[in-house]
Amino acid sequence: MLIATWNLNSVRARLERLLAWLEEWRPDIVCLQEVKTPEANFPFAEIEKSGYHAAVFGQKGYHGVAILSRSEPQEISRGMADGVDDGQARLIAASIDGVRVMCAYAPNGGTPDSDKYLHKIAWFDRLLRHLRATENLAGPFLLCGDLNIAPEQRDVAHPERWQGTVLYNEHMSEIFGRLLACGLHDLGRNHLPAGTFSWWDYRLLSFPRNDGLRIDHLLASPALTGRCLEVFVDREQRKGKSPSDHAPVLARFS
DNA sequence: ATGGTTGCTTAGCAA
């Protein structure tokens, strides 16, 4: 079983690339972030033609998440259902082939002194409550997505330059640690060598310089962690004509 | 210190 997470940065701007990539890897489940479209404009037909179901939580212009799967998704839930509505589509979950899969796009956080950063912190507080309240972390569970946190020094190409940013600082590492304290395992930490990244800024020739961060994650419950055979980043998808600024992260399970 | 690049939507924001 192959499961992937990919911040596409617009599903419509990168549909041809996505379809070719689905054909290349035929993953069983794909968590997409930043689809940047409401459900009404989501390319369901093209994706279904490729043999995939799509569960979508969309929004006009910004954010938006989706789960693609070869088997039909069950028990789809959108958002956190905690009475808070920040108007941002960042979370969708579904049960597929006996695995509970949650696809998340965490707030970026803007700058450390901004309201956006406070919103990021509050969002993770809500996510942790939501996880504990609604999901069975004792079963096969996977939290995938762009969490906008590089948890450790090994996840940052130039820690001295990134230290203190919204993507890499002690508070963010502590929040990431609280996710792990729920009993989840960071599959990338277990299977990827230090210095493996998933995102490179569009600016400053970041990718050619490999000035990247590992901010896209697959966090698995113990039931799944033991079945993880390998994790890899498909860097080819950061190359070529109009790539996303993120590369897909894939995990293979027995 | 600043700048640099995308996508969505059409000037400016978010990343």
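Each chain gets a letter, A, B and so on, in the order the sequences are listed, and its residues count up from 1.
- Between A:K60 and A:D201, it is A:D201 whose nearest contact on DNA chain B lies nearer the 5' terminus.
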Enumerate donor-acceptor pairs with a distance under 3.5 Å from any side-chain N or O in residues 35-50 of chain A to protein atoms, sequence neighbours excluded.
unit_1, atom_1, unit_2, atom_2, d
A:K36, NZ, A:N9, OD1, 2.8
A:S50, OG, A:E46, O, 3.3

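- Less than 4.0 Å separates DNA chain B from at least one heavy atom of each of the following residues of residues 10-23 of chain A: A:S10, A:R14.
- Distance CD (A:Q59) to C1' (B:dG7): 14 Å, rounded to an integer number of Å.
- Rounded to whole angstrom, the span from the CG atom of A:L205 across to the P atom of B:dT6 amounts to 10 Å.
- Partners of A:E23 according to the salt bridge (charged side-chain N to carboxylate O under 4.0 Å, His left out) rule, which considers only residues two or more places apart in sequence or in another chain, are A:R26.
- By the 4.0 Å N-to-carboxylate-O rule, A:R129 lies too far from A:D82 to be salt-bridged with it.
- For the P atom pair drawn from B:dC13 and B:dA1, the interatomic distance equals 25 Å after rounding to whole Å.
- Considering only residues two or more places apart in sequence or on other chains, A:R203 meets the salt bridge (charged side-chain N to carboxylate O under 4.0 Å, His left out) condition with A:D201.
- Computed from coordinates, the A:R209 CZ to B:dG4 P distance equals 13 Å when rounded to whole Å.
- Nucleotides B:dA14 and B:dT10, compared at atom C1', are 15 Å apart to the nearest Å.
- Every residue two or more places apart in sequence or in another chain was checked for a salt bridge (charged side-chain N to carboxylate O under 4.0 Å, His left out) with A:R238, and none qualifies.
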Side-chain donor-acceptor distances from residues 173-188 of chain A under 3.5 Å, at least two apart:
unit_1, atom_1, unit_2, atom_2, d
A:S173, OG, A:P151, O, 2.8
A:S173, OG, A:N169, O, 3.2
A:E174, OE2, A:R178, NE, 3.2
A:R178, NH1, A:D125, OD1, 3.4
A:R178, NH2, A:D125, OD1, 3.3
A:D186, OD1, A:G188, N, 3.1
A:D186, OD1, A:R189, N, 3.1
A:D186, OD1, A:R214, NH1, 3.1
A:D186, OD2, A:R214, NH2, 2.9

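- When the salt bridge (charged side-chain N to carboxylate O under 4.0 Å, His left out) test is applied to A:K60, no partner is found at least two apart in sequence or on another chain.
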Check the interface with nucleotides 13-15 of chain B: list each N/O to N/O pair with the protein under 3.5 Å, or write none.
unit_1, atom_1, unit_2, atom_2, d
B:dA14, OP2, A:K116, NZ, 3.2
B:dA15, OP1, A:R90, NH2, 3.4

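- In this entry the distance linking CG of A:L8 with C1' of B:dG7 reads 12 Å, nearest Å.
- Alongside A:L118, the hydrophobic cluster contains no other residue (criterion: ILVMFWY side chains under 4.5 Å).
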